[in-house]
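Have a look at the structure below before the remarks.
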Amino acid sequence: MEPSGTFPDPMLKSRFSSDFFERDALIVSQDILGHYLVRELNGCKIVTMIVETEAYCGVTDLGCHASGNRRTKRTEAMFLPGGYAYVYLVYGLNYCLNIVTEKKDNPHAVLIRAVEPLKGLEMIRKNRPGIKKTCDLTNGPGKLSKALDIDISLNKYDLVKGRELYLEKNPENPDFSIISAKRIGIDYAGEYKDKLWRKYIKESPFVSKK
DNA sequence: TCTACGATTTACT
DNA sequence: GTAAATCGTAGAA
């Protein structure tokens, strides 16, 4: 009999390992499309499918908060190893959820820009009062944070082992094409603002902008 | 300390 | 289509 706590956790089988996240943001941003972002909120399980992402690729990327190796209170989370959450407030109003990628001290991250609600729609609607159309509930980084009740308290959250917010593998292997486009809202990023580092599922009606 | 502004959303005209 | 909302962070002083 093994001592308790050493059994492999069955819940973790459907998860991605740290290795999966400890790669270039550009790779991870594509590989997580079609997989699940799950939020457990007072006993309710919200399941969504990731349909749109953006990659922010470390110290050389002028669009990245950590470009030039800027290491501040806000960017600290990006220096964690891949698999942690980086959450921050934009425009004083909206939270953005990122997944930290790459090895420790290499500050890459993938911004989740849009998801498709699959389960827990009732809870999502409760979190998004006044929004009528289903696709308007989660088709933007700030919108999906509201819908899944994600705020700064989830900054640096462990998405590999955590129970409240995590990614789950889609057991089906959905077939879709990936569109590459310019990242949104980073006009200050010089030559990097035109990089096609925004990725989304072509057929999805849930992406933020076409 | 002080100031400018942002990985956006919403409600207007 | 345009503009207001709203506040923590970054960088300068």
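Side-chain atoms are counted along with the backbone in the values below, which use heavy atoms only and exclude waters and symmetry mates. The chains referred to below are lettered A, B, ... by the order of the sequence lines, with proteins before strands, and numbering in each begins at 1.
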Side chain to side chain donor-acceptor pair (under 3.5 Å) between Arg125(A) and Thr134(A), intermediate numbers included: CA-CA 9 Å; Arg125(A) 288 196 185 281; Thr134(A) 303; 2.9 Å; yes

Evaluation steps, side chain to side chain contact (heavy atoms under 4.5 Å, CB included), between Val207(A) and Ile201(A): CA-CA 8 Å; Val207(A) 302; Ile201(A) 295 179; 5.5 Å; no

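For the contact set between residues 103-114 of chain A and DNA chain B, defined by any heavy atom under 4.0 Å, the members are Leu111(A), Arg113(A).
Between the CG atom of Leu62(A) and the OH atom of Tyr188(A) there is a distance of 10.0 Å, given to the nearest 0.5 Å. A distance of 8.0 Å separates OG of Ser14(A) from NZ of Lys169(A), quoted to the nearest 0.5 Å. Distance check, rounded to the nearest 0.5 Å: OG of Ser17(A) to CZ of Phe21(A) gives 8.0 Å. A distance of 10.0 Å separates OG in Ser145(A) from CG in Leu89(A), rounded to the nearest 0.5 Å.
Under the ring pair (Phe, Tyr, Trp, His ring centres under 6.0 Å) criterion, no residue pair touches residues 91-143 of chain A, with sequence neighbours excluded. Note on residues 194-208 of chain A: pairs passing salt bridge (charged side-chain N to carboxylate O under 4.0 Å, His left out), not counting sequence neighbours, are Glu52(A)-Arg198(A), Lys182(A)-Asp194(A). Sequence neighbours left out, the pairs with a member in residues 53-66 of chain A that pass salt bridge (charged side-chain N to carboxylate O under 4.0 Å, His left out) are Glu54(A)-Arg113(A), Asp61(A)-Arg183(A). Residues in residues 35-58 of chain A take part in these ring pair (Phe, Tyr, Trp, His ring centres under 6.0 Å) pairs, two or more places apart or across chains: Phe16(A)-His35(A).
Between the C1' atom of dT8(B) and the CZ atom of Arg183(A) lies a distance of 17 Å, rounded to the nearest Å. If you take CG of Asn94(A) and C1' of dG6(B), they are 11 Å apart, rounded to a whole angstrom. One can place CG of Asp136(A) at 11 Å from C1' of dT9(B), the figure rounded to the nearest angstrom. Straight-line distance from the NZ atom of Lys193(A) to the P atom of dG6(B): 14 Å, rounded to whole Å. Taking atom NE2 of His65(A) as the reference point, atom C1' of dC5(B) lies 11 Å away to the nearest angstrom. Between the OH atom of Tyr95(A) and the C1' atom of dA5(C) there is a distance of 15 Å, rounded to whole Å.
Judged by closest nucleotide on DNA chain B, Gly185(A) is the one of Ile131(A) and Gly185(A) placed further toward the 5' end.
Residues passing the salt bridge (Lys or Arg N to Asp or Glu O under 4.0 Å) test with Asp151(A), sequence neighbours excluded: none. Under the side-chain contact (heavy atoms from CB on, under 4.5 Å) criterion, Asn139(A) pairs with Asp136(A), Lys143(A), not counting sequence neighbours.
Val47(A) and Leu154(A) fall within a single hydrophobic cluster, where Ile, Leu, Val, Met, Phe, Trp and Tyr are joined by side-chain heavy atoms under 4.5 Å apart, directly or via other members.
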Strictly under 3.5 Å: I want the nitrogen or oxygen pairs between protein and nucleotides 1-4 of chain B, one per line.
none

Short heteroatom pairs, N/O only, protein and nucleotides 11-13 of chain B, under 3.5 Å:
none

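Within the 4.0 angstrom heavy-atom criterion, base atoms lie near Tyr86(A). Among the heavy atoms of the strands, none lies under 4.0 Å from Arg198(A).
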Protein-to-nucleotide contact annotation, 5' to 3' order, nucleotides 6-13 of chain C [B base; S sugar-phosphate only; - none; under 4.0 Å, heavy atom]: BB-SSS--

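Under the 3.5 Å distance criterion, the side-chain polar atoms of Thr48(A) are matched with a main-chain donor or acceptor of Leu37(A).
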Which pairs would a plain distance check flag for residues 96-104 of chain A, meaning a side-chain donor or acceptor within less than 3.5 Å of a matching protein atom at least two apart in sequence or in another chain?
residue	atom	partner	partner atom	Å
Asn98(A)	ND2	Tyr86(A)	O	3.3
Thr101(A)	OG1	Arg23(A)	O	3.1
Thr101(A)	OG1	Ala25(A)	N	3.3

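Residue Lys156(A) places its NZ atom among more than 12 non-hydrogen atoms of other residues, nucleotides or ligands, all under 6.0 Å distant.
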Base-pair map of DNA chain B as dot-bracket, where | denotes pairing with a different strand and pairs are Watson-Crick or G-U under 3.5 Å: ||||||.|||||.

